[in-house]
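Contents: one structure, followed by commentary.
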Amino acid sequence: MPIEITGYWLAKTEPEVYSIDDLARDGETEWDGVRNYQVRNFMRDRMKPGEQILIYHSNTKPLGVYGIAEVAGPAHPDSTQFDAKSKYYDEGSDPDDPRWWCPDFRYVETLQTPVTRDSIKETPGLENINVTKRGMRLSVMPVTKKEFDIICKLGRR
DNA sequence: GCCAACGTTGGC
DNA sequence: GCCAACGTTGGC
């Protein structure tokens, strides 16, 4: 089944690499380093400025949604692909036709209560959310408005 | 630390 | 174009 695009998103990040606290500190950041074509296409072609993003922490305890960001502007070439010192350097990417694109994300809020993966699995209305689907390996994926609203409500109390 | 589920690569 | 081997993601 194709993934439905709704204008709401969930982005995974390892908090040891870049957390919602880092985004709160920075205000805005380039969402760089993604090297998956499907996610590249979401970010380059489908994300629109102002769209809301759940920030999900992976490889940590507890797993879950820790905050909200928004798309700060249109996608632009991912700067790390041309940086030979970056672990994301891609020598096959042509500066005149860059392979990897991403927008900047802008900090919106940190949830009072993180919405854990376990609670997501138990919450009515979140049965079909992509992030808990078996085999889901995309680091950026759409969520529905209903899913977005349920998670915000859970996180703000 | 394990490993399922993918995506990518490269020989043919 | 097929597909086996390999690498990565990321939950468990």
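From a predicted model like this one, the values you see are computed outputs, not experimental measurements. Proteins get letters first, then strands, A, B, ... in listed order; numbering begins at 1 in each.
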Using the benzene-type ring in the case of Trp, are the ring centres of A:Phe148 and A:Trp9 under 6.0 Å apart? no

Could you tell me how far apart A:Arg117 (CZ) and C:dG10 (C1') are, to the nearest whole angstrom? 9 Å

Looking only at side-chain N and O atoms, does A:Lys121 come under 4.0 Å of OP1 or OP2 in C:dC12? yes

Ordered by number, residues from residues 91-104 of chain A within less than 4.0 Å of DNA chain C (heavy atoms) are none

Determine, for A:Arg156 against A:Glu109, whether the closest basic-nitrogen to carboxylate-oxygen distance falls under 4.0 angstrom. yes

Between C1' on C:dG10 and CZ on A:Arg35, what's the gap in Å once rounded to a whole number? 19 Å

OP1 or OP2 of B:dC6 sitting under 4.0 Å from any side-chain N/O of A:Tyr37? no

Result block: side-chain N/O donor-acceptor pairs under 3.5 angstrom for residues 53-62 of chain A, not counting sequence neighbours:
residue : atom : partner  : partner atom : Å
A:Tyr56 : OH   : A:Arg117 : NH1          : 3.0
A:His57 : NE2  : A:Ile20  : N            : 3.1
A:Asn59 : ND2  : A:Glu14  : OE2          : 3.1

Apart from A:Phe82 itself, its cluster of hydrophobic side chains linked below 4.5 Å comprises none

Charged N to carboxylate O below 4.0 Å: is that the case for A:Arg99 and A:Asp78? no

Separation of C:dG11 C1' from A:Lys133 NZ (nearest whole Å): 17 Å

For nucleotides 7-9 of chain C, tabulate all protein N/O to nucleotide N/O atom pairs closer than 3.5 Å, reporting atom names and distance.
residue : atom : partner  : partner atom : Å
C:dT8   : O2   : A:Arg137 : NH1          : 2.6

Ring-plane angle category for A:Trp31 and A:Phe105, please: parallel below 30°, perpendicular beyond 60°, tilted otherwise. parallel

Take atom NZ of A:Lys61 and atom C1' of C:dC12, then tell me their distance rounded to the nearest Å. 9 Å

Mind checking side-chain hydrogen bond (donor to acceptor under 3.5 Å, both in side chains) for A:Lys145 and listing every partner two or more places apart, or none if nothing turns up? A:Asp149

For A:Asp94, the side chain to side chain contact (heavy atoms under 4.5 Å, CB included) test, sequence neighbours excluded, returns A:Asp96, A:Asp97

